[in-house]
Amino acid sequence: MKPQSILHTVFFILLTLIFVRPALAHPNRKPFPPFRIADNLYYVGDDYQADYLIVTPRGNILINTGYASELPGVKASIKKLGFNYRDTKILLISHAHGDHEGGAALVKKETGAKYMVMDADVSVVESGGKTDFRYGSDATARYQPAKVDRVLHDGDTVRLGGTVLVAHLTPGHTKGCTTWTMTVMDNGKKRNVVIVGGPYVNPDYVLVNNANYPTIAADFEKTFKVLKSLPCDIFLGAHGMYFNLDKKYALMMSGKKDAFVDPKGYQQFVAKKEQDFRKDLMQQRIPRTSRGTT
């Protein structure tokens with residue numbers, strides 16, 4: 001192969017990793033200061049991958065792990081907040097992509113936490129990504145398999161030390177994509193927290209006649225119906241970019257105590273993602289011969 005061809009191939013691979021699979025790879029992740037969002041809910045992720053710690057008198061709940069290689073950052077954030085990583089009793093995820101649960105097996109091994117996953121994502125996490133409808137055949141998307149201790153279903157609750165989380169099935173991004181809700185006390189007010197699981201249609205997702213996921217379009221429809229029905233005060237999500245993490249953190253640090261209270265931003269985010277989905281669906285329904293070339 002000619003050197004020029006090799007360079008073109010490498011460039012194409014890099015573009016694929018960065019743009020075609022945004023939910024599975026991100027080249028410029030940076031540490032982010034851990035902080036208390038409200039009540040017993042803390043942020044322990046980086047500037048891209050959102051991980052959450054919920055502290056209770058009977059141990060803690062961790063939502064998302066990042067890849068196994070990124071778990072040291074989560075541990076460091078938990079320690080910096082003054083908590084013990086080994087007090088993690090329950091592990092939850094937003095959805096079965098490696099950037100959210102690639103470190104699950106290690107968390108289980110090191111803490112003994114019970115791993116609880118939405119039913120439609122169980123086979124994916126237990127196979128290390130091999131049964132994922134889109135990335136199952138991609139060896140670069142694999143991670144260490146982790147045994148699930150409790151299979152969750154739509155509407156199930158997870159309880160620990162007085163904290164109650166509700167698991168809402170919001171499928172499409174993965175078959176078992178999960179949006180978590182809970183309530184917290186924030187500055188003397190009871191707030192509804194929504195941690196959005198992932199309403200994104202990845203650029204390489206097939207929405208029409210998808211043999212590996214025939215109900216994908218209908219599942220995205222369900223997701224937006226569910227998200228629009230949820231009462232939301234504190235808007236969070238599987239990635240910081242969903243809810244403008246950096247901007248809101250800066251506002252909080254400048255003295256705005258309710259910086260993460262953003263019901264309007266939540267509604268706008270959901271509406272925009274639904275609009276994007278419908279645009280993609282409409283485009284894919286157009287026969288290829290009618291699309292023309294650009």
Trainee: One thing to verify: whether Asp276 and Lys273 come together as a salt bridge, which I'm taking to mean a side-chain N less than 4.0 angstrom from a carboxylate O.
Mentor: yes
Trainee: Hey, do the aromatic rings of Tyr205 and Phe133 have their centres closer than 6.0 Å?
Mentor: yes
Trainee: Would you confirm whether the ring centroid of Tyr249 sits within less than 6.0 angstrom of the ring centroid of Tyr43?
Mentor: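 No: the rings miss the under 6.0 Å criterion.
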Trainee: Looking at Asn187, I want to see if its CG is surrounded by more than 12 non-hydrogen atoms of other residues, nucleotides or ligands under 6.0 Å.
Mentor: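 Atom CG in Asn187 is crowded, with more than 12 foreign heavy atoms closer than 6.0 Å.
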Trainee: Aromatic rings Tyr48 and His239: how do their planes relate, parallel, tilted or perpendicular, breaks at 30° and 60°?
Mentor: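 If you compare the ring of Tyr48 with that of His239, the planes turn out tilted.
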Trainee: Under the rule for side chain to side chain donor-acceptor pair (under 3.5 Å), what residues qualify as partners of Asp51, not counting sequence neighbours?
Mentor: Gln49
Trainee: Would you check if Asn202 and Arg134 make a side-chain contact, meaning some heavy-atom pair closer than 4.5 Å?
Mentor: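 Asn202 does not reach Arg134 side chain to side chain.
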Trainee: Show me the donor-acceptor pairs, under 3.5 Å and distance only, between side chains in residues 255-267 and residues at least two apart or in other chains.
Mentor:
residue: Lys256; atom: NZ; partner: Asp258; partner atom: OD1; Å: 3.1
residue: Asp262; atom: OD1; partner: Gly265; partner atom: N; Å: 2.8
residue: Asp262; atom: OD2; partner: Lys248; partner atom: NZ; Å: 2.7
residue: Tyr266; atom: OH; partner: Leu227; partner atom: O; Å: 2.6

Trainee: Mind running side-chain hydrogen bond (donor to acceptor under 3.5 Å, both in side chains) on Thr131 and Ser123 for me, showing each step along the way?
Mentor: CA-CA 7 Å; Thr131 63; Ser123 70; 3.1 Å; yes
Trainee: Given Thr181 and His168, is the side-chain hydrogen bond (donor to acceptor under 3.5 Å, both in side chains) satisfied, shown in steps?
Mentor: CA-CA 8 Å; Thr181 60; His168 303 269; 2.8 Å; yes
Trainee: Between Arg278 and Glu274, is the closest basic N to carboxylate O distance under 4.0 Å?
Mentor: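 Looking at Glu274 and Arg278, the cut-off is met.
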Trainee: Can you confirm whether more than 12 heavy atoms, excluding those of Arg150, are under 6.0 Å from its CZ atom?
Mentor: yes
Trainee: Do the side-chain N and O atoms of Thr179 and Thr170 include a donor-acceptor pair separated by under 3.5 angstrom?
Mentor: yes
Trainee: Do any pairs count as a ring pair (Phe, Tyr, Trp, His ring centres under 6.0 Å) and have a residue in residues 182-201, sequence neighbours left out, and if so which ones?
Mentor: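 Output for this query lists Tyr200-Tyr242.
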Trainee: What distance separates Thr65 OG1 from Glu101 CD, expressed to the nearest 0.5 Å?
Mentor: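 CD of Glu101 is found 6.5 Å from OG1 of Thr65.
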Trainee: Say you draw a straight line from CG of Asp121 to NE2 of His97; how long is it, rounded to the nearest 0.5 Å?
Mentor: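 Result: 8.0 Å between the selected atoms.
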Trainee: Testing Leu245, Val196, Val194, Val193 for side chain to side chain contact (heavy atoms under 4.5 Å, CB included) with Leu236, which one passes?
Mentor: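 The option that passes is Val193.
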Trainee: Got a sec: does the CZ of Arg159 have more than 12 other heavy atoms crowding it under 6.0 Å?
Mentor: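 For Arg159, atom CZ is not crowded (no more than 12 foreign heavy atoms under 6.0 Å).
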Trainee: Which residue, Thr178, Ile54, Val158, forms the side chain to side chain contact (heavy atoms under 4.5 Å, CB included) with Ile63?
Mentor: Ile54
